[in-house]
Number of protein chains: 2
Amino acid sequence: MNGPDTSRARILEAAAYMLKTRGLARTKLSDIAERAGMLAPSLYHHFRSKNQLVEEVMVEGIYRNTRHIMQRVEVLGPDAPSLARLTAAITAHIDFLLTGDDFASAVGQVFHDLPDETRHRVLAAYSTFDNYWRDLIVGAQRSGACRSSMDPTVMRKFLIAMLDSSSGWFRPGKLSAQEIARQACELFLHGFAT
Amino acid sequence: MNGPDTSRARILEAAAYMLKTRGLARTKLSDIAERAGMLAPSLYHHFRSKNQLVEEVMVEGIYRNTRHIMQRVEVLGPDAPSLARLTAAITAHIDFLLTGDDFASAVGQVFHDLPDETRHRVLAAYSTFDNYWRDLIVGAQRSGACRSSMDPTVMRKFLIAMLDSSSGWFRPGKLSAQEIARQACELFLHGFAT
DNA sequence: GTCTATAATCAGATAGAC
DNA sequence: GTCTATCTGATTATAGAC
């Protein structure tokens, strides 16, 4: 049942959890190790450095999230209206962040503290994600469903910031992930005013 | 012309700039000192520790930003329609972030890495800011200008996250702060769809 | 009030036993 | 593959001269 890297995977999950919860500077290797059931030096059997470990978490988080969103959009079929595609993407993103993918949440939390060199490589992985959103937004404008008077880059930045923030303030037991996703769609597409 | 704490003020400004630009973990005391025209140990004549210096930057940033927003809203007079008040607040916030107040930008950048004890105190200062936005939003709902079907807390979190993000991606020479503010108002109040 | 040492701390990383 | 022990390096912080 276990592949050759069970403990490697456990370490990555522990790291993702700690990074999402406490950020980069406040997570020590010993915290990650403890959560993975071992001591800090053992991590070096699986990863060359803290940076490499963090980088893998980031890239994995971006990859998982992108793939999840794409699936939930593409299942609608190639002829789905662009607003339906946008709605599916927003809902998928919130869902994924709030329903326990620590990797995806860690990305937003840690990205801006990454050392320059690491950040460049992570940025490359991020571009797939970013481009997908750009296409959804530009597509919605081209189809006439969204306003061309709005700058698509600004819309994307605002939207992603808004969605990403949710993993920082979401508390289970209050509004559900579904309800938050619904409000995000409403707000982004139709606004708060009556 | 110079009060008793000119260099103290210079240090705070240097710290705000470094914190907004590089985040907490990546700003060293020596960076702050250099920007203030002195060497790291000299900072200890003015501040007890890095934490205390950072805390003062945070509290000052929150205070300045809150005061700026309140002024720009209250100048409309007590009978201004609630949408005008919201619009003024959004515009003021973006303006303040993008037109060079490093203290305000540093808050969003650094807040989540603060050591627990510091963060608690900063959070107390933050509540004035937060409550003001809450009142603007709830007021707009009560007046009927904004939809009661939306959760006011979620709207506030989404709005502030969206606005705060701008200091991270704004680049002078592209869209102006005014234009970004306009798009933020449009998006938040009327949405992106046609 | 700012400097030149220098100490203290702490976290990342390595060596080598088991 | 994980441990104990140790090293290294970076950064905060202190002592004390000027």
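Because the structure is predicted, anything quoted here is derived from the model rather than measured. The figures that follow rest on heavy atoms only: side chains count, while hydrogens, waters and symmetry mates do not. Just so we're on the same page: letters track the sequence lines, and every chain starts at 1.
Atom-to-atom, CZ of B/R10 to C1' of C/dT2 comes out at 11 Å; the value is rounded to the nearest Å. Per the geometry, CD1 belonging to A/I11 stands 7 Å off P belonging to D/dT2, to the nearest Å. D/dT11 atom C1' lies 13 Å from atom CG of B/L43, rounded to whole Å. Here C/dG1 presents its C1' atom at 6 Å from NE2 of B/H46, a figure rounded to the nearest Å. Atom CD in B/Q52 sits about 16 Å away from atom C1' in D/dT14, given to the nearest Å. What separates CG of B/N51 from C1' of D/dT12 is a distance of 10 Å, to the nearest Å. Distance, B/Y44 OH to C/dT2 P: 15 Å, rounded to whole Å. Rounded to an integer number of Å, the gap from B/L39 CG to D/dT11 P is 16 Å.
Side-chain proximity of B/H45 to C/dA13, D/dA13, C/dG1: nearest is C/dG1. Relative to the side chain of B/P41, the nucleotides C/dT4, D/dG1, D/dC3 differ in distance, and C/dT4 lies closest.
Atom-to-atom distance recorded for A/L83:CG and B/T194:OG1 is 7.0 Å, nearest 0.5 angstrom.
Hydrophobic clustering keeps B/I90 apart from B/F96 (ILVMFWY residues linked when any side-chain heavy atoms are closer than 4.5 Å, directly or through intermediates).
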A/I160 vs A/F129, side chain to side chain contact (heavy atoms under 4.5 Å, CB included): CA-CA, chis, key distance, verdict: CA-CA 11 Å; A/I160 292 176; A/F129 176 81; 4.0 Å; yes

Residue pair B/R22, B/D31: steps toward the salt bridge (Lys or Arg N to Asp or Glu O under 4.0 Å) verdict: CA-CA 10 Å; B/R22 323 216 7 147; B/D31 298 329; 5.4 Å; no

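In this structure, B/F188 and B/M155 approach most closely via the heavy-atom pair CE1-O, 3.9 Å.
Side-chain atoms of B/I137 and B/C146, non-hydrogen and from C-beta on, never get closer than 4.5 Å to each other.
For the pair A/S42 and D/dC3, the criterion of a side-chain N or O lying under 4.0 Å from OP1 or OP2 is met.
Contacts with DNA chain D (heavy atom under 4.0 Å) in residues 24-35 of chain B: B/T27, B/K28, B/L29, listed by number.
Every residue meeting the side chain to side chain contact (heavy atoms under 4.5 Å, CB included) condition with A/T21, not counting sequence neighbours, appears here in chain and number order: A/Y17.
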